[in-house]
Amino acid sequence: MSRRRIPWSRGLTRRDMLRMGPGAAAAMALGCAPGLPASAERALDAGRIAGAVVGASHRQGHLLRDGARPEPRQVRDVRVAIVGAGVAGLSAAWKLARSGMRDFAVLELEADAGGNARWGANDVSAYPWGAHYLPVPTAEATATRELVAEMGLVLDTGPDGEPVYDPRHLCHAPQERLFVDGGWREGLSARDVVNPAPGSAEAAELAAFEAEMRRYRDYRDARGRRAFALPVAAGSADAAVAGLDGMSMREYFDRAGWSSRRLRWYVDYCCRDDYGCTLETTSAWAGWHYFCSRPDDVEYLTWPEGNGRIVRHFLDRVGGNVLPGMLVYRVRPTASAGGGGVSGGSVSGGNVPAGIVPAGGVSPGPVSSGGLPGAGLPIGGASTGPVSQGAFPGGRPPDGVLPAGVVPAGAVPADGVEVDALDTRTETAVRFRARHCIYALPRFTAPHVIDGYALAGLESFTYSPWVVANLTVDRPPDGAAWDNVLHDSPSLGYVVATHQDLRTVPGPSVLTWYLPLAVPNPDAARAWMLAQEWRDWASLILADLVQAHPDIESRVSRIDVMLWGHAMIRPVPGFIRGEARRRAAAPHGAIRFAHSDMSGISVFEEAQYHGVRAAEEVMRALGHAHATSL
Amino acid sequence: MDDPRTAPAGPLGAGTGVLLIAVFTIATCGLIYELLAGTIASYLLGDSVTQFSTVIGAYLFSMGVGSYLSRHVRRDLLIRFIEIEILVGLVGGLSSPALFFAFAEVDAFRVVLYGWVFVTGVLVGLEIPFLIRILKDEFPLHDLVSRVLSLDYLGALAASLLFPLWLVPQVGLMRSSFVFGGLNVLVAVWTCHYFRRRHRRPRLTAQAYGALAVLGLGALFSDDLTAWSERRLYEDPVVLSRSSPYQRIVLTRGGDGVRLFLNGNLQFSTLDEYRYHEALVHPGLAAVAAPRRVLVLGGGDGMAVRELLKDERVEEVTLVDLDPMMTDIFRDHEAFATLNGHALRSPRVEIVNADAFVWLESNADRYDFIVVDFPDPRTYSLGKLYTTTFYRRLAGRLNTGGAAAIQSTSPLVSRRAFWCVVETVRAAGLHARPYHAPVPTFGEWGYVLASPEPLALSDAFPPGLRYLTPAVARSLFEFPADMAPVPVEVNQLNNQILVRYHAEGWQQYADGRPVTHP
Ligand SMILES: Cc1cc2nc3c(=O)[nH]c(=O)nc-3n(C[C@H](O)[C@H](O)[C@H](O)COP(=O)(O)OP(=O)(O)OC[C@H]3O[C@@H](n4cnc5c(N)ncnc54)[C@H](O)[C@@H]3O)c2cc1C
């Protein structure tokens, strides 16, 4: 073993490192930790471990940057255009379809739908590329409860009136363990982690922390709302609660006088895990939300492909309406376009979906070349590899019907939307003319994509970059839990994709390793992240895992790495209560917004809430009868 | 012959006598090595006929190779002979410890075994041709050949009598190996000594003494080595040992019968396995009105199947066991197939090698009676086979009026674990009838009958049972106070509480603490 300098840090100046802050520096320090045995280096050099960085190709971005200002030559009319097939966009589609409305298209940049809940698969197992579990939904998350029931995850109703879940889908035991002080310890609650000596000051601090947690959990405001709910929108607006957003979790700890190193580590870990932020950069509101929005003994629903299982369910329902490989580069509210005006026509181009017509004379005016996102466009730029989940629509969606009512939206034309997208496979541009648009891309993209859109304070939407790696191993580590956390690491450890396997003797497996770049300056960390190559990631990941698994390098045959540039919205102090976040939900003409960003916390329930909410608003505007899920 | 000066004519003088004694010694040693290898192979791998035949065959063949190779050595024959003796002494002398060690530590045991046999054989094969050539000037050829070969066969006779009568019972495999290796080296030392004037080779002499010291130490500490290797193995001699991708299968045979160990855990002893298996199968089987189709999950040893086949109402039995090696051993190995009365070869039996949980999921057939005979829930992987999810799946495979008998660990040692199985069966929507039976090598053992409809017990057992009688069967459903129900949680995939209960119970038992229940 040698303490070696990481070669790729050469291109980086000291100032860069300082700008990136301690987290990224720590992440890099992983690479020169005294842990990576020479044998692991040799394994990498000899190519015994294969792999690739997936999802950082930026091919699609270049299509635009290289001066291509595509002129849509085809037009397609749909009643509703949904932009982005992440959980929010797919949830909107799910709600529309569930309400009997099928004339919509979901435009997704990537070859596979799912956004942060995408997944991959190899011979060994399916595995998540991002979101890997859904906590059993609370009573407030009505849409999520409706969804899990529809998925057949609920066996029946318990004596308390609560759903009883099929244990096959609940995370099996052992759920969590922590590598600390040179050994593994089962459990990952505050009590498991702090593990204080009875009667010590630390025990008292832990008790105070737990009491605080109970206090916020039990809190009900005058309207009977809980302090912290999922979705966030169902929680209390009381100043006593909202005020927590004015300080960081760290300040909260300082004020409470809690100094236990283990307790601070634990809460910092939770913040990194859920938000990609540290104790210092997470608002106390978001910190307590994490601990108090769900019951103490909450269970998790999980599958080999993580929340990809839910995405698959969505695709079962609406997959025919999802158009993958569609880079949406311009969205424009119009006064004249509308669904039902033009439809049908000839199909042109191999992969162009039915229903697209040459834009000839029917196109309403020239395509503006301004507002092209260019390099600034947030490109997921990721492909999950072997599995293709999204599907082109098989047939032509029914023609739109003219709306019964039109939503007034001030000065912005509100009776239609044009959505221009580049079909990245044929490299042809398509214009979708819709009555309504649900914009389910991350919110920071809006000014780049939507004509004439501005939102004061939009720069307060900041995002943490994440690195996710999937390691194919010959078998899960001995005694592996589902979630295996390393105490002395900037990474979050790994999740075992085959954990829910019912076989008695485990075979090969896939470990999903997570690293949030939880630093004060995410832009610099993002740039650093994108500059690394596969070899760099592979040795960094092995060096991280070798501390707990000395034989890891002989067990791994493949390491695939996904780089998420804008993985998660950061709930820094002030963001939740901020003006920008609250105004972000306001529609822009016939454009409605749906993305978990707008909740300030990046979780499934929030994404789904916004998608369903936007879909219901659209249906209301269209006079389409539906039952609410909210 | 002790004094070179009184030696007969010929260039070697009195040394010829020394060399003839050497012939006898090395012949004895050579056969001992062969017998050691054959015995150890049969102990460790079982099937002694095969082991002995292959070891002897390989040994004789490699001796031939040695004899053939001897022609390539032209000069310094005496020196080469001394060197060979030192080497044979070391290789042969270390064979027992090496083979025991290899068995415990190396996956490819057979490679080590036959490699070792081959090297020993080649070296031994070199000895006699060398000696004949060394002695060829001392005697006329016809005399020489007759002397050398008769001594060689005499040595073999000595070895073949010594080995079973004295060495194995009194000296032990480990010490015999060191002692005879030492004798071989002594031949080298002696030869060095006698021919020291003609061939002064102080380095060779030192090497010979060094080898002697190593083997001497080995002989001195061979009891410790034996204890060590047996501690690594089992109480009784191992008659069969296999490693499958799923487990390590070891069968031992001792004074009180054959025992089966899976990954070191006792599965049965022929002393009393009939108690365990009769109690597992018959109370439930008798309670089912028409048990035509029967499923056995786990239980690849075929003992439960043997019990089932005693009942003529049973038309077909499907045995699902993960490990083909298990079912092969108990179907094809005569010595073990007799234990289950060749049940696995019955035309009424179909063997499926699959993971029970996965198989249940993919199979939609229904059965009248199901025997669930899995290892105890020692690990989370095994604990899955005792969850509500598993029992729900099981319920889906039972015909109305059917029942399942589930082995459920010891209600005495791990009371909570036992009652947890009972409660878990109930939580899966089945009726549960707990019972227990004393099995001396296991202790008090527990079972649960699970059925979609309440079961009416019956005494109509098939003939030929050694343990169960109607009166005994009735008593099994009574629980004494120290095994009475305790409050427990239900075992679910997401809590696996049973694994904890089981570990608690057995840990306390191992610690000798009283098993208390709040
Ligand atoms: C590593 C990681 C782990 C996570 N783990 C969990 C977890 O375990 N549980 C949990 O509940 N949450 C988890 N999350 C949070 C996750 O973000 C949310 O659960 C949810 O998936 C967010 O969905 P969304 O639709 O709001 O956003 P996104 O997933 O960001 O969806 C946006 C979609 O828009 C597409 N898009 C972007 N630009 C364009 C364009 N120009 N044209 C067309 N399409 C475009 C994207 O490709 C994407 O599909 C995790 C997030 C990450 C990054």
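Side-chain atoms are counted along with the backbone in the values below, which use heavy atoms only and exclude waters and symmetry mates. Since this is a predicted model, take the numbers as computed values, not measurements.
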Kindly indicate whether the side chain of V154(A), heavy atoms from C-beta on, has any atom under 4.5 Å from the side chain of Y165(A).
-> yes

Just by modelled atom types, is the G479(A) backbone N or O under 3.5 Å from a matching donor or acceptor in the R177(A) side chain?
-> yes

So, R185(A) side chain and D192(A) main chain: donor-acceptor pair closer than 3.5 Å or not?
-> yes

With chain A as the partner chain, list the residues of residues 385-393 of chain B whose heavy atoms fall under 4.5 Å from it, by residue number, and write 'none' if nothing qualifies.
-> L385(B), T388(B), T389(B), R392(B), R393(B)

Any sub-3.5 Å donor-acceptor pair from D373(B)'s side-chain atoms to G299(B)'s backbone N or O?
-> no

Measure centre to centre between the rings of Y276(B) and F268(B), then say whether the value is under 6.0 Å.
-> no

Results of side-chain hydrogen bond (donor to acceptor under 3.5 Å, both in side chains) for R426(B) - residues two or more places apart only = E423(B)

Assert top hit (heavy-atom pairs under 4.5 Å, partner chain A, pool L322(B), V358(B), L493(B), D355(B)) equals L493(B)

